[in-house]
Amino acid sequence: MFCRYFCFFSLCLFLPIQRCSLGHVSNLQSSDTRSLPGFENLTMGYNKYLRPYFGGDPVQIAMTLDVASISSISESDMDYTATIYLQQRWTDPRLVFHGNKSFSLDARLVELLWVPDTYIVESKRSFLHDVTVGNRLIRLFSNGTILYALRITTTVACNMDLSKYPMDTQTCRLQLESWGYDENDVVFTWLRGNDSVHGLEKLQLSQYTVEHYYTLVSKSQMETGNYPRLILQFELRRNVLYFILETYVPSTLLVMLSWVSFWITLDSVPARTCIGVTTVLSMTTLMIGSRSSLSKTNCFIKAIDVYLGICFSFIFGALVEYAMAHYSSSQKCGAKAPQEGPANELTKEMREVNITNVLNSSITSYKQKISFTSIEISSDNVNRSDLTMKTHEKIKCVLRNKMHRIIGYFTIQNPSNVDHYSKLLFPLFFLLVNVFYWAYYLYF
């Protein structure tokens, strides 16, 4: 019983003290909260749905941009993926407070403030990082200036001209525009011109090098009005060394390998055929591999396709050269083969008889023409059809001789000279084609 009274008495003494302490802490918290800059403006008369200077001058929004990384550049999809830090600055006179300090506020406080409706033009996919919390920053200055920073990863479309691939230079853009406020409500500017963008000069990309970049201020004309737009334009030059080692050098070596057959004799049919077919198939495989990496851009005739086509033509030409030389050699060997036996003697006798008959008939007809006036010839002894046939045979013989002469000009008289000329002409023409090729795609 005594213990119960003692506990009750102690509780009565402790409760007033606890109430006093809690009241003191709450008073401190309220005083600290009221001392926050802009707190009274946020709670009294601040409307986050109305922009600063509503009904008056447009809001000046200055932007800076830090490019953290460009993770991928896709020629197939014609886009690039980049992670950027976007900083926006504007002045809201409703948030002016006394002093010369700046305060970084909790990012969740952005839900209570007016912020610009900036979006990324031509963005396919974008997201705001939220690990461990939403990567946003709000900083409030005494003169009412607000700094609003975001960390964004976005995939942006980039129109590419791949006609000079892989010796191409692509120009991509990152465009920032106001979605709902036109130029009468907001004005976008770069805070320090080209110096407003950082990070591009330090980027290390696998296939590209950032040549140079510059900033632009523009506006988008739409049916609903003119909207302010900021443009970051940068040029990416592809590193061609990888493609030289991966495609150009192997294809050139295959062409040179096809020239080895020129030093092999025409009689070595298996060796020369094996070299020609192997190089053609290897070149075909190389062409298919180079096009499979850019399967969605096959509508372009790229510079690498032109070079591979040139190499394939020279390799196939070396194979055709051997076919022509071997055929001419076999024809010449067949013509030089000795023709012996009774059939040959009979043929010679028949040719001699035919020549004698032709001479006798010609002399007889000539004598008949001379004595035509003194000798009466009946119409039964003259065969006009024979005369007509002889005239046609003479015309055919003349035409046949001319055709043989024309064909003789294009006939390979010495097949061994084909390989001799090919040793010089194939490398010479290939060198000239390479000079024109590299000069055109590198300097034009």
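Numbering of residues begins at 1 and proceeds along the displayed sequence.
Side-chain contact of Thr169 with Glu235: a donor-acceptor pair under 3.5 Å is absent, judged by distance alone. For the residue pair Thr215/Asn194, the side-chain donor-acceptor check at 3.5 Å is satisfied. Side-chain contact of Ser268 with Thr265: a donor-acceptor pair under 3.5 Å is present, judged by distance alone. Side-chain atoms of Tyr307 and Thr252 form a donor-acceptor pair, as typed in the model, at a separation below 3.5 Å. A side-chain N or O of Arg139 and one of Ser104 form a donor-acceptor pair less than 3.5 Å apart. Counted by atom type alone, Tyr227 and Gln221 present zero donor-acceptor pairs between their side chains at under 3.5 Å. Side chains of Gln60 and Thr91: a donor-acceptor N/O pair is absent below 3.5 angstrom, by distance only. Side-chain contact check for Asp182 and Thr224: no donor-acceptor pair (N or O, by modelled atom type) lies under 3.5 Å. One side chain, Thr154 or Ser123, offers a donor N or O that lies under 3.5 Å from an acceptor on the other. No side-chain N or O of Asp79 forms a donor-acceptor pair with one of Thr155 less than 3.5 Å apart.
Of the candidates Val197, Leu230, Ile120, Ile120 is the only one forming a side-chain contact (heavy atoms from CB on, under 4.5 Å) with Leu174. When each of Asn135, Thr153, Thr83 is checked for a side chain to side chain donor-acceptor pair (under 3.5 Å) with His129, only Thr153 meets the rule. Under the side-chain contact (heavy atoms from CB on, under 4.5 Å) test applied with Ile138, the options Leu147, Leu112, Leu105 reduce to a single match, Leu105.
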For Leu86 and Gln88, what are the C-alpha separation, side-chain angles and deciding distance, and is it a side chain to side chain contact (heavy atoms under 4.5 Å, CB included)? CA-CA 7 Å; Leu86 176 63; Gln88 305 177 78; 4.1 Å; yes

Test log, rule side chain to side chain contact (heavy atoms under 4.5 Å, CB included), inputs Val240 and Leu442: CA-CA 11 Å; Val240 73; Leu442 289 178; over 6 Å; no

Would you sort out whether Phe103 and Phe97 count as a ring-ring contact (aromatic ring centres under 6.0 Å, His included), showing the intermediate values? CA-CA 11 Å; Phe103 296 90; Phe97 62 93; 5.7 Å; yes

Show, in sequence, the C-alpha distance, side-chain angles and deciding distance for Ile70 and Ile73, and conclude whether the side chain to side chain contact (heavy atoms under 4.5 Å, CB included) test is met. CA-CA 8 Å; Ile70 297 180; Ile73 301 174; 3.9 Å; yes

In sequence, state the C-alpha distance, the side-chain angles, and the governing distance for Phe429 and Trp259, and then conclude on ring-ring contact (aromatic ring centres under 6.0 Å, His included). CA-CA 13 Å; Phe429 279 116; Trp259 298 340; over 10 Å; no

List the steps and the verdict of ring-ring contact (aromatic ring centres under 6.0 Å, His included) for Tyr214 and Trp190. CA-CA 11 Å; Tyr214 51 91; Trp190 292 106; over 10 Å; no

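Every residue was checked against the ring-ring contact (aromatic ring centres under 6.0 Å, His included) condition with Tyr148, not counting sequence neighbours, and none meets it. A search for salt bridge (Lys or Arg N to Asp or Glu O under 4.0 Å) contacts involving Asp106 returns Arg108, not counting sequence neighbours. For Cys311, the disulfide bond (SG atoms under 2.5 Å apart) criterion is met by no residue, not counting sequence neighbours.
Proximity of Val59 to Pro52: side-chain heavy atoms (C-beta onward) are separated by under 4.5 Å at one or more points.
Considering CD1 of Ile275 and CZ of Phe262, their distance stands at 10.5 Å, rounded to 0.5 Å. To the nearest 0.5 angstrom, Leu128 atom CG is 6.5 Å from Arg136 atom CZ. Rounded to the nearest 0.5 Å, atoms CD (Glu177) and NZ (Lys219) are 12.5 Å apart. Here the CE atom belonging to Met283 is positioned 8.5 Å from the CZ atom belonging to Phe312, to the nearest 0.5 angstrom. The line from CG of Asp57 to CG of Asp185 is 11.5 Å long, rounded to the nearest 0.5 Å.
Note on residues 186-287: no pairs pass disulfide (SG to SG under 2.5 Å), not counting sequence neighbours. Residue pairs satisfying the disulfide (SG to SG under 2.5 Å) criterion with at least one member in residues 60-171, sequence neighbours excluded, are listed as follows: Cys158-Cys172.
In summary, Glu75 and Arg238 engage in a salt bridge, as defined by a charged side-chain N under 4.0 Å from a carboxylate O.
Proximity of a side-chain donor or acceptor of Asn239 to a complementary backbone N or O of Leu241 within less than 3.5 Å is not detected.
Note: Phe426 and Phe430 fail the aromatic proximity criterion, with ring centroids not under 6.0 Å apart. Taking the ring centroids of Trp90 and Phe188, they lie at or beyond the 6.0 Å cut-off. A distance below 6.0 Å separates the ring centres of Phe234 and Tyr80.
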Under 3.5 Å, which donor-acceptor pairs do the side chains of residues 314-325 form with other protein atoms, sequence neighbours left out?
| residue | atom | partner | partner atom | Å |
| --- | --- | --- | --- | --- |
| Glu321 | OE1 | Arg272 | NH2 | 3.4 |
| Glu321 | OE2 | Ser422 | OG | 3.4 |
| Tyr322 | OH | Leu266 | O | 3.3 |

